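Following: one structure in structure tokens, then a few remarks.
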Amino acid sequence: MKKIFIALSVIFLLSWALPVESIYIYQQPAADGSTIVFNDFQQKKILLVNIATDSDKAAQLAELQQLQQQHADSLIVIGFPTNSFGNESRTDSAIRSFCSTQYNVTFRLAAKGDVLGAQQIPVYTWLTRRDKNGHVNSQVQGDFQKYLLDRNGDIIGAFSGATSVNSTAFQQALTY
């Protein structure tokens, strides 16, 4: 009986720590009309950031671009334009143009979508629900919230929109 209890305990603990779904099963329409295929990013870290060009944090786009350039071989940065906090009035093409001309953005931009609520895009459902990602429940609190995934597609950090990618906390998570 004791062996059965131990075996069930181990199975429970393993199932608690392992994602129910892999990030690599997801695809997301891109702002340029193509498709972002997460399976293409295996063995790379992934940084997902909900962005809004009218946000008071929009200057972070330059930091994100610099981060992508510095870690081009090991990190994928993906911006997810959203009006979930009332700061994105532009269309996909206007967002792409703004990001390119104002901040020289070349990292991937998803098509505009909701990061909260009933119309939440599937990738953000995965990021915010433990029953999907296997690690944590969270809620997107504002523009430029960041989720960092390790080379195995597991969430290793979530950072508020106020946290710069140049901060010590973010840089420590990135080097993990």
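These numbers were taken from a predicted model, which means no experiment stands behind them. Heavy-atom basis, side chains included; hydrogens, waters and symmetry copies ignored.
Without hydrogens or angle criteria, Tyr124 side chain to Asn50 main chain gives a donor-acceptor distance under 3.5 Å. In this structure a side-chain-to-backbone donor-acceptor pair under 3.5 Å is missing from Thr163 to Phe159. Between the side chain of Lys45 and the backbone N or O of Tyr176 there is at least one donor-acceptor pair closer than 3.5 Å. The backbone N or O of Thr53 lies less than 3.5 Å from a partner atom in the side chain of Glu88, making a donor-acceptor pair. No donor-acceptor distance shorter than 3.5 angstrom exists from the side chain of Asp150 to the backbone of Ile156, with no hydrogens or angles considered. With hydrogens and angles disregarded, no donor-acceptor distance shorter than 3.5 Å links the side chain of Gln145 to the backbone of Ala158. In terms of modelled atom types and a separation under 3.5 Å, the side chain of Gln120 and the main chain of Val115 share a donor-acceptor contact. In terms of modelled atom types and a separation under 3.5 Å, the side chain of Ser167 and the main chain of Ser164 share a donor-acceptor contact. Judged by distance alone, with hydrogens and angles left aside, the side-chain atoms of Asp114 form no donor-acceptor pair with the main-chain N or O of Leu116 at under 3.5 Å.
For the pair Phe38/Gln27, no side-chain contact is recorded, criterion being any heavy-atom separation below 4.5 Å from C-beta on. Side-chain contact between Val165 and Leu64: present, with at least one pair of heavy atoms (C-beta onward) separated by less than 4.5 Å. For the pair Phe41 and Ile36, the minimum side-chain heavy-atom distance is below 4.5 Å. Contact annotation: the side chain of Val49 never approaches that of Ile78 to less than 4.5 Å [non-hydrogen atoms, C-beta and beyond]. With a 4.5 Å cut-off on side-chain heavy atoms, Ile51 and Leu109 count as touching. Under the 4.5 Å side-chain criterion, counting only non-hydrogen atoms from C-beta, Val20 is not in contact with Arg129. Between Glu21 and Asn133 there is no side-chain heavy-atom pair separated by less than 4.5 Å.
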Would Ser100 and Val105 count as a side chain to side chain contact (heavy atoms under 4.5 Å, CB included) if you check the C-alpha gap in whole Å, the side-chain angles of each, and the deciding distance to 0.1 Å? CA-CA 5 Å; Ser100 175; Val105 165; 5.7 Å; no

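Residues Phe144 and Leu47 share a hydrophobic cluster, clusters being chains of Ile/Leu/Val/Met/Phe/Trp/Tyr side chains in contact below 4.5 Å. Taking hydrophobic clusters as Ile, Leu, Val, Met, Phe, Trp and Tyr residues chained together by side-chain heavy-atom distances below 4.5 Å, Ile76 shares a cluster with Trp126. No continuous path of ILVMFWY side-chain contacts below 4.5 Å connects Ile95 to Phe80, so the two sit in separate hydrophobic clusters. Cluster annotation: Leu149 is not connected to Phe107 through the hydrophobic network of ILVMFWY side chains, with a link wherever side-chain heavy atoms come within less than 4.5 Å. Under a hydrophobic-cluster definition in which Ile, Leu, Val, Met, Phe, Trp and Tyr are linked whenever side-chain heavy atoms come within less than 4.5 Å, directly or via other members, Ile25 and Val123 are assigned to the same cluster.
Here Leu75 contributes atom CG and Leu67 contributes atom CG; the two are 5.0 Å apart, rounded to the nearest 0.5 Å. Distance check: Ser22 OG to Gln42 CD gives 6.5 Å after rounding to the nearest 0.5 Å.
There is no side-chain donor-acceptor pair under 3.5 Å between Thr128 and Tyr147. Side-chain contact of Gln60 with Lys146: a donor-acceptor pair under 3.5 Å is present, judged by distance alone. In this structure, a donor-acceptor pair under 3.5 Å is absent between the side chains of Tyr26 and Gln28.
A salt bridge is absent between Asp32 and Arg108: the closest approach of a Lys/Arg side-chain nitrogen to an acidic carboxylate oxygen does not fall below 4.0 angstrom.
Only one option out of Thr82, Asp54, Asp143 pairs with Asn87 in a side chain to side chain donor-acceptor pair (under 3.5 Å); it is Asp143.
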